Each structure stands twice: as structure tokens, then as C-alpha cells.
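Below: one structure, written as C-alpha cells.
Everything numeric in this text was worked out from a predicted model, so none of it was measured. Chain A is the first sequence line, chain B the second, and so forth, proteins listed ahead of strands; every chain is numbered from 1.
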Amino acid sequence: MPELPEVETVARSLVSGQGAAPILGRRVALAKVAWARSVASPSAAAFARRIAGQQVQDVGRRAKYIQIGLDQDTLLVHLRMSGDLMLGYQETPLGAHSRLQIYFEDGLQLSFNDPRKFGRVWLVPDPTEVYAGLGPEPFDPALTPKRFHSLLAARQRQLKPLLLDQAFLAGLGNIYADEALWAAQLHPLTLTSRLDAAQAALLLRSIRAVLKEGIRRNGASIDWVYRGGDFQNHFKAYQQTGQPCPRCGTPISRIVVGQRSTHFCPRCQIVQAA
DNA sequence: AGGGAAACCCGAACGC
DNA sequence: TGCGTTCGGGTTTCCC
């Protein structure tokens, strides 16, 4: 059995697969739901009843969901902004804001800690019921530059809101959308139908590059909640309002697009002309 | 179809 | 110091 520090933050390593080992093969003894609304499905009472006795088979990810395969069901966790998973041998809930505790047979606790209560978990027989409506994974090899271009061309939307639309592309959040648009030198308000093939290809490459860098740097979290992520120290545009653009020196602008804070370089990210 | 707004949350950061 | 206000992350829902 792998040695564990007293309490470990495991959400990021679970996503990468590296941290899965400590929970693989373990059987759930008991679950306690401290905040009922953190369980999206089924009811909190049914959740605790149904998860008991099930054994962890595998750990994966789809879009922003952490996927923990059990005997009968799949446990899905969406951290939203402030959520985290913690692992440790302790009877009392791990984390100051633990919304759900899962205890395995030997006493190891997996805690869903989430100060802002936005995160959700699901326990479902078939995860595809939760995944319905999700667009392709950014790293899906079937998502070729050509295919991406035709998907963009088919829409008549502003670029940034479409990138955040999980039905269009699954997995980008506000930070990565700003960073990808900066890298591709595209203005967030550009109409998707106006991109040519080369711009679409560059955008896809940029999306993959910023996601890769975020994963490599252990996450982008800028919150006080999770301090491990280092990507926050390498943003080119996101939250850089007034700072010089690393490419051309022009101060980064901030606007609101689709209710989301949006950062871009007004000089080298150009709106495509009609 | 696309866009805008509100709701869900709460700790941090800011203004006075 | 101690109030009150604003902010922001992802998603759903409702309305134009």
C-alpha cells in the first residue's frame, strides 16, 4: 500500500492518472454527505447508500469531469472553481470545507473539499448520461485542423464565447480561452465564420499548447484555494490588464464578453474585418 | 441561433 | 478598525 502524507491534495494528480494508485482497488465502506447540494445525482441519501461496497476500478477524465470507475457506477467530480479532492488517513473531514467524505475499508478518506459550493458530484450507472452534449476533447486526434475550421465556419458567433461553450469544445475555461486567443493572435470578438484555414489551425495548435502547459505546470488556479498550480505565474494575457503584451509591449486590455472577464492585446489580436 | 442576464457561492480585495 | 461592496470562477436557466 503506497505511503501517504497525512493529507494530500489529489485532484490534479488524479486527472493526470499519476495519483490514481492510492485509491485503485479500494472498496468504499461509508460515505457521508455534509452538504446535500454537492451531490447532483442521485439524492444525497441514495448516494451514500449506493456507493457503499463498491470498489474503485479505474480513474480517468472527460472534459472537466474527474471520472472514478466503480463496480456498478461511475463517480464523477466537477471541481468548478474552488473544489479539490483530498486524501488522507483521518476520521474527521479533510479540508476546512469538506462537502463529502468517502471512507474506504482501511480508513483512508477521500474528501471533496469546496469552499464556494459550486462543485458537484454524480454517481451514475453510465457516465455518458452526464456527458451528453459535450463537444470533442481538444486533444482528440479526430479533431483535425480542417475539421476544426469547418466547425468554426459553421457558426456565427464571437470566438471567445464559442471556445467556452462546452458543447462546441469540451474543457476550456476562461483562463485558457484568453491565453489561447492571445497565442493565436485572434481578437475575442472575432466572428468564428471569418477565420480562414490557417487561423483555425493556429488556434487549435494554441489551444493544445496552453492546455499542455497548464497541465505541465500543475494547473492554472489563481485562487487562494489551491496554491500548487504554477501556470498562474506565466499568463500572457489573463489578468494582465495594463501590463505590456509580451509580444509587442502594448498594454493588455480588459473587456467583458458574454459576462466573462476577457483579456487581450489590442494591437496584436485583431478583429477580422468583414 | 445567438446573446444577455440572473442565479448559484463565498473569501479576498478594495473603498470609505 | 470595521463596516459595506465588488469580484470571479463554470454552468444552468430563462428571456428576448
Of all pairs that satisfy ring-ring contact (aromatic ring centres under 6.0 Å, His included), the ones with a partner from residues 125-162 of chain A, not counting sequence neighbours: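 Only A/Tyr65-A/Tyr131 qualify under ring-ring contact (aromatic ring centres under 6.0 Å, His included).
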
Would you tell me if any nitrogen or oxygen in the side chain of A/Arg80 comes within less than 4.0 Å of OP1 or OP2 on B/dC9?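 For A/Arg80, the contact criterion (side-chain N or O under 4.0 Å from OP1 or OP2 of B/dC9) is not met.
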
Tell me whether the OP1 or OP2 atom of B/dC8 has a side-chain N or O from A/Lys117 closer than 4.0 Å.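 False: A/Lys117 side-chain N/O out of range (4.0 Å or more) of B/dC8 OP1/OP2.
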
Check every atom of [options] against the side chain of [X] and return the nucleotide holding the closest atom.
{"X": "A/Gln259", "options": "B/dA5, B/dC8, C/dG10", "value": "B/dA5"}
{"X": "A/His78", "options": "B/dG3, B/dC10, C/dG10", "value": "C/dG10"}
{"X": "A/Arg116", "options": "B/dG2, C/dT11, B/dG11", "value": "B/dG11"}
{"X": "A/Gln158", "options": "C/dT11, B/dC8, B/dG3", "value": "B/dG3"}
{"X": "A/Ser261", "options": "C/dG8, C/dG10, B/dA6", "value": "C/dG8"}
{"X": "A/Lys64", "options": "C/dG10, C/dG8, B/dG11", "value": "C/dG10"}

Expressed in angstrom and rounded to an integer, what is the separation of [X] atom [atom1] from [N] atom [atom2]?
{"X": "A/Gln239", "N": "B/dA13", "atom1": "CD", "atom2": "P", "answer": "11 Å"}
{"X": "A/Leu172", "N": "C/dT11", "atom1": "CG", "atom2": "C1'", "answer": "15 Å"}
{"X": "A/Lys160", "N": "C/dG10", "atom1": "NZ", "atom2": "C1'", "answer": "12 Å"}
{"X": "A/Asn113", "N": "B/dC9", "atom1": "CG", "atom2": "P", "answer": "17 Å"}
{"X": "A/Phe168", "N": "C/dT11", "atom1": "CZ", "atom2": "P", "answer": "16 Å"}
{"X": "A/Leu162", "N": "B/dG3", "atom1": "CG", "atom2": "P", "answer": "9 Å"}
{"X": "A/Arg120", "N": "B/dC9", "atom1": "CZ", "atom2": "C1'", "answer": "9 Å"}

For a 4.5 angstrom cut-off between non-hydrogen side-chain atoms, does A/Gln67 reach A/Leu76?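 Counting from C-beta outward, A/Gln67 and A/Leu76 do come under 4.5 Å.
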
Any A/Leu70 side-chain heavy atom under 4.5 Å of A/Leu123 side chain: yes

Let me check something: do A/Val130 and A/Leu85 share a hydrophobic cluster, defined by ILVMFWY side-chain heavy atoms less than 4.5 Å apart, either directly or through other members?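 No, separate clusters.
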
Knowing that exactly one of A/Leu163, A/Leu191, A/Leu162 qualifies, which makes a side chain to side chain contact (heavy atoms under 4.5 Å, CB included) with A/Arg157?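 It is A/Leu162; the other options fail the test.
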
With a sphere of 6.0 Å drawn around CZ of A/Arg267, does it hold more than 12 non-hydrogen atoms of other residues, nucleotides or ligands?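 No, the 6.0 Å shell around CZ holds no more than 12 heavy atoms from other groups.
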
Under 6.0 Å from the CZ atom of A/Arg208, do we count more than 12 heavy atoms belonging to anything else shown?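 It does: A/Arg208 CZ has more than 12 such atoms within range.
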
For DNA chain B, please output the secondary structure as dot-bracket, reading 5' to 3'. Pairs are Watson-Crick or G-U wobble, both atom distances under 3.5 Å; mark crossing pairs with [ ], other-strand partners with |, unpaired with a dot. .|||||||||||||||

